[in-house]
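Quick caveat: nothing in here was measured; it's all calculated off a predicted structure. Just so it is clear: chains get the letters A, B, ... in the order the sequence lines come, proteins before strands, and each one is counted from 1.
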Amino acid sequence: MSFGDVVALPSPQAAPLLLGWTLLVDGVGGRIVEVEAYTQDDAASHAYRGPTARNASMFGAPGHLYVYRSYGIHWCANVVCDEPGVGAGVLLRAIEPTHGLGRMVERRGVDDRRLLCSGPGRVAQALGLTREHDGAPLDAPPFTLQPPPAPVAVAATPRIGISSATETPWRFVVRGSAWVSRAPRRA
DNA sequence: CTTTCGATGATCT
DNA sequence: GATCATCGAAAGG
């Protein structure tokens, strides 16, 4: 399944299929291991109340980025999904660092590989994503994408850091990955 | 180990 | 004026 086919799906379907892809920005990045889906009729989503200046790119073409400022400090990046105009996205929450470790350590200011990309703010900082990348297409430079070499085992859990729809199980992690922002809720 | 809290600014009410 | 798809340091057990 191509990247274009995946991001054309509704975000709760696209999100687990984005796990295992390798995403690089100017050659720096790694394997996507944790994501969350947000939809247009989802009270926890920035798209819930319709298009605004901030979330405009969420209502644009799928396969592009929606990058926003979080808590006035961090940047967080989403992959826009579904059909154009719908307002759906998949938040990139954690990546297993594989390419350009030195560049990521430099940007993050930490040495511990575990802390490089385990969290949405950390992912954006390590990959150098900012407002400049809002609306940018992921199938063109400086981005490169590689599909998973083998099928990925996925676990679904409730999303993190939200105050609405807190039990909707739209956080998806690579089962057993040591690089996620938090261990999945135990059964 | 776990929990609490401050930073910091755009966005929305 | 309140909230916020977070992070990291500090405080508490």
Side-chain angles (χ1 to χ4, degrees), chain A residues 7 10-19 23 29-30 32-60 62 64-82 86-97 104-136 138 154-174 177-186:
Chain A
V7 298
S11 56
Q13 292 174 47
L17 295 175
L18 288 171
L19 294 176
L23 169 65
I32 299 170
V33 296
E34 177 181 352
V35 296
E36 283 177 359
Y38 290 88
T39 67
Q40 64 282 3
D41 54 359
D42 165 14
S45 172
H46 290 173
Y48 187 53
R49 291 163 205 282
T52 66
R54 174 176 68 162
N55 66 20
S57 55
M58 239 183 138
F59 291 86
H64 290 230
L65 282 175
Y66 162 47
V67 183
Y68 68 94
R69 178 89 86 171
S70 174
Y71 290 89
I73 302 170
H74 310 286
W75 296 101
C76 292
N78 293 246
V79 179
V80 177
C81 291
D82 214 315
V86 169
V90 172
L91 174 67
L92 300 175
R93 285 198 56 93
I95 282 177
E96 174 181 341
M104 290 194 261
V105 167
E106 181 185 332
R107 285 178 180 142
R108 291 273 301 112
V110 298
D111 196 298
D112 187 345
R113 283 183 180 74
R114 287 292 171 87
L115 299 178
L116 281 184
C117 303
S118 59
R122 292 164 175 169
V123 168
Q125 188 179 25
L127 272 55
L129 296 172
T130 68
R131 187 97 206 168
E132 294 175 20
H133 301 276
D134 185 42
L138 284 163
V154 176
T157 81
R159 295 173 292 183
I160 292 176
I162 53 175
S163 53
S164 310
T166 56
E167 293 305 312
T168 306
W170 283 352
R171 172 178 179 244
F172 302 93
V173 301
V174 173
S177 173
W179 305 97
V180 301
S181 64
R182 294 199 210 168
R185 182 186 279 181
R186 242 205 89 139

K.L.:
Does A/Ser177 have any side-chain hydrogen bond (donor to acceptor under 3.5 Å, both in side chains) partners at least two apart in sequence or in another chain, and if so, which?
P.N.:
none

K.L.:
Once pairs are restricted to Watson-Crick or G-U wobble with both distances under 3.5 Å, how does DNA chain B read as a dot-bracket string, [ ] for crossings and | for other-strand pairs?
P.N.:
|||||||.||||.

K.L.:
Check for a donor-acceptor pair, side chain of A/Ser11 on one end and backbone N or O of A/Ala37 on the other, with a separation under 3.5 Å.
P.N.:
no

K.L.:
On DNA chain C, nearest-nucleotide positions of A/Arg122 versus A/Ser163: which is more 5'?
P.N.:
A/Ser163

K.L.:
Any sub-3.5 Å donor-acceptor pair from A/Arg107's side-chain atoms to A/Ala126's backbone N or O?
P.N.:
yes

K.L.:
Tell me, for nucleotides 8-13 of chain B in 5' to 3' order, what letter each nucleotide earns: B for a base near a protein heavy atom under 4.0 Å, S for only sugar-phosphate near one, - for neither?
P.N.:
BB-SSS

K.L.:
Can you name the residues that form a side-chain hydrogen bond (donor to acceptor under 3.5 Å, both in side chains) with A/Gln125, not counting sequence neighbours?
P.N.:
A/Arg108

K.L.:
For A/Val33, run the side-chain contact (heavy atoms from CB on, under 4.5 Å) check against A/Ile95, A/Val174, A/Leu92 and tell me which one passes.
P.N.:
A/Val174

K.L.:
Need two values: the first and the last nucleotide of DNA chain C, 5' to 3', having an atom under 4.0 Å from any heavy-atom of chain A.
P.N.:
C/dC4 to C/dG8

K.L.:
Taking A/Tyr48's backbone N and O only, do any of them form a donor-acceptor pair with A/Asp42's side chain (distance below 3.5 Å, no angle check)?
P.N.:
no

K.L.:
With distance as the sole test, does A/Asn78 use its side chain to make a donor-acceptor pair with the main-chain N or O of A/Gly89 at under 3.5 Å?
P.N.:
no

K.L.:
From CZ of A/Arg182 over to P of B/dT2, roughly how many Å is that when rounded to an integer?
P.N.:
12 Å

K.L.:
Looking at residues at least two apart in the chain, or sitting in another chain, which of them share a side-chain hydrogen bond (donor to acceptor under 3.5 Å, both in side chains) with A/Glu106?
P.N.:
A/Arg103

K.L.:
Atom CZ of A/Arg49 and atom CD of A/Gln40: how far apart are they, to the nearest 0.5 Å?
P.N.:
15.0 Å

K.L.:
With nearest nucleotides of DNA chain C determined for A/Arg108 and A/Gly89 from heavy-atom distances, which residue corresponds to the more 5′ nucleotide?
P.N.:
A/Gly89

K.L.:
Please name the pair of heavy atoms, one in A/Arg114 and one in A/Ala178, separated by the smallest distance, quoted to 0.1 Å.
P.N.:
CD-O, 3.7 Å

